[in-house]
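By convention in this document, chain letters (A, B, ...) are assigned in the order of the sequence lines, proteins followed by strands, and residues within each chain are numbered from 1. Note: hydrogens, waters and symmetry copies are ignored here, and every other heavy atom, side chains too, is used.
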Number of protein chains: 2
Amino acid sequence: MNTNIRLTPQRKAVLEVIKNSNDHPTAGDIIERLARDGYHFAYGTVYNSLKYLTDNGLIRELKLGEGVSRYDGNLHDHHHLQCKICGKIDEVDHDISPQWLKDIEKETGFAIESHQVMLKGICPSCREGDSG
Amino acid sequence: MNTNIRLTPQRKAVLEVIKNSNDHPTAGDIIERLARDGYHFAYGTVYNSLKYLTDNGLIRELKLGEGVSRYDGNLHDHHHLQCKICGKIDEVDHDISPQWLKDIEKETGFAIESHQVMLKGICPSCREGDSG
DNA sequence: CTTATATTTAGACTAAATCTAAAATAAGAA
DNA sequence: TTCTTATTTTAGATTTAGTCTAAATATAAG
Ligand SMILES: [Mn+2]
Ligand SMILES: [Mn+2]
Ligand SMILES: [Zn+2]
Ligand SMILES: [Zn+2]
């Protein structure tokens with residue numbers, strides 16, 4: 001981990017946008033929000049900044065299986081729950097049992113370094129008036 | 001679920017390739033293997049077939065956060081473990097606690113329909129002679 | 001100030017997947 | 001069978017997310 005983090009104006013602006021969002025924005029969302037704030041950075045710069053901030057632990061990159069990366073300013077360990085209908089992403093603070101992970105390590109011989117639980121379902125507002 | 005499944009020669013060939021693979025191939029891998037077997041289908045046909053087979057429950061589509069879909073002929077509920085170094089994908093039969101899911105439903109109000117645990121780590125053969 | 005290193009920029013490029021419109025195939029009715 | 005309709009395949013264009021490149025700019029070190 002790099003102790004000497006260099007926050008250029010571009011990186012700072014990207015970080016701010018993410019810290020001020022709680023909807024796990026994509027790179028595209030972030031570029032839009034930057035533009036709304038008057039910042040017009042090159043696409044490559046935004047992607048480089050996202051990589052830099054992720055590599056330095058200031059944000060988290062989420063790959064929820066949509067084919068797009070999302071970014072998260074919430075650094076606590078948590079999982080995500082996405083609504084199949086409206087796409088809304090909710091957070092889950094419960095973590096899975098450490099024993100479960102140990103059992104899998106024993107069984108597979110892998111050294112597990114990270115795990116992510118991706119849950120899909122129907123959110124409360126989409127459940128209202130559903131026909132299923 | 002559709003009870004009237006129509007297996008065209010193209011769909012049948014794609015299904016065969018997946019059933020004969022245990023490495024969770026991508027669409028690209030599948031096209032390569034089809035070519036090796038003498039089949040030269042249009043890209044669109046292979047993608048359409050994969051969608052058709054997935055929608056009809058004959059195969060599973062996996063999105064492990066690589067930006068590519070993989071396909072799985074193993075229809076039993078299971079999770080996946082990928083090596084950060086060589087990319088190998090292993091299967092995990094342990095399932096997470098149903099109570100854990102119920103707790104999350106109660107807390108979030110979501111009706112959970114599916115869940116996938118994605119584990120990352122270092123596989124046994126990549127661990128041999130590691131310097132970390 | 002001068003040189004080396006790091007970063008940004010615009011735009012070309014890539015890879016995976018989807019879309020389109022025509023051609024081919026299969027199914028159903030007479 | 002023949003006519004008609006629905007489904008599927010095909011080749012190639014298009015889309016989307018992201019990476020790469022090389023020049024320009026900014027920062028740091030001597
Ligand atoms: Mn989150
Ligand atoms: Mn599997
Ligand atoms: Zn919803
Ligand atoms: Zn490995």
Side-chain angles (χ1 to χ4, degrees), chain A residues 1-18 21 23-35 37-56 58-72 82 87 89 118, chain B residues 2-18 21 23-35 37-56 58-72 82 87 89:
Chain A
M1 193 172 291
N2 186 359
T3 150
N4 180 22
I5 291 168
R6 204 109 72 77
L7 281 190
T8 63
Q10 289 83 352
R11 290 171 184 169
K12 204 168 164 184
V14 169
L15 180 59
E16 283 264 306
V17 164
I18 296 168
S21 304
D23 61 343
H24 307 88
T26 65
D29 295 331
I30 292 163
I31 289 167
E32 245 178 49
R33 290 170 203 189
L34 286 167
D37 296 347
Y39 297 111
H40 296 274
F41 304 143
Y43 272 52
T45 299
V46 176
Y47 280 104
N48 284 344
S49 298
L50 289 168
K51 180 165 176 16
Y52 182 89
L53 295 169
T54 302
D55 288 349
N56 287 283
L58 298 173
I59 59 173
R60 290 260 172 91
E61 182 181 12
L62 302 181
K63 298 186 170 182
L64 305 184
E66 303 166 292
V68 208
S69 281
R70 292 181 173 273
Y71 296 88
D72 198 342
Q82 186 164 33
I89 295 166
M118 193 45 219
Chain B
N2 186 359
T3 148
N4 179 22
I5 292 168
R6 204 111 71 77
L7 280 191
T8 63
Q10 289 84 352
R11 289 171 183 167
K12 203 169 165 183
V14 169
L15 180 58
E16 282 264 305
V17 164
I18 295 168
S21 303
D23 61 343
H24 308 86
T26 64
D29 295 332
I30 292 163
I31 289 167
E32 245 177 49
R33 290 171 203 188
L34 286 167
D37 296 347
Y39 297 110
H40 296 274
F41 305 143
Y43 272 54
T45 300
V46 176
Y47 280 103
N48 284 344
S49 298
L50 289 168
K51 180 166 176 15
Y52 182 88
L53 295 169
T54 302
D55 288 349
N56 287 282
L58 298 173
I59 60 173
R60 290 260 173 93
E61 181 181 14
L62 302 181
K63 297 186 170 181
L64 306 184
E66 304 166 291
V68 208
S69 281
R70 293 182 172 273
Y71 296 88
D72 198 342
Q82 186 165 34
I89 295 166

Short question: side chain of A:R60, backbone of A:D72 - any donor-acceptor pair under 3.5 Å? no
[X] [atom1] to [N] [atom2], straight-line distance once rounded to whole Å:
X     : N      : atom1 : atom2 : result
B:E66 : C:dA17 : CD    : P     : 10 Å
B:F41 : C:dA17 : CZ    : P     : 18 Å
B:L7  : C:dT25 : CG    : P     : 18 Å
B:Y39 : D:dT9  : OH    : P     : 13 Å
B:I30 : C:dA16 : CD1   : P     : 13 Å
A:R70 : D:dA17 : CZ    : C1'   : 13 Å
B:K12 : D:dT8  : NZ    : P     : 16 Å
B:R6  : C:dA24 : CZ    : C1'   : 14 Å

A:L7 side chain reached by A:L53 side chain, heavy atoms, under 4.5 Å: yes
Evaluate the side-chain proximity of A:L50 to A:I18: yes if any heavy-atom separation is below 4.5 Å, no if none is.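 Side-chain contact under 4.5 Å: yes.
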I want to confirm an ordering. Mapping B:N48 and B:P9 to their closest nucleotides on DNA chain C, which one lands closer to the 5' end?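 It is B:N48 whose nearest nucleotide is closer to the 5' end.
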Presence of [X] side-chain N/O under 4.0 Å of [N] phosphate oxygens OP1/OP2:
X     : N      : result
B:Y47 : C:dT18 : no
A:T8  : C:dT8  : yes
B:Q10 : C:dT25 : no
B:R11 : D:dT8  : yes
A:T26 : D:dA17 : no
A:S69 : D:dA17 : no

A:T26 and A:D29: side-chain donor and acceptor closer than 3.5 Å? yes
Checking B:E16 now: which residues fulfil side-chain contact (heavy atoms from CB on, under 4.5 Å) with it, not counting sequence neighbours? B:N20
Under 4.0 Å between any heavy atoms, over every strand shown, what does B:G67 touch: base, sugar-phosphate, or nothing? Just pick one. sugar-phosphate
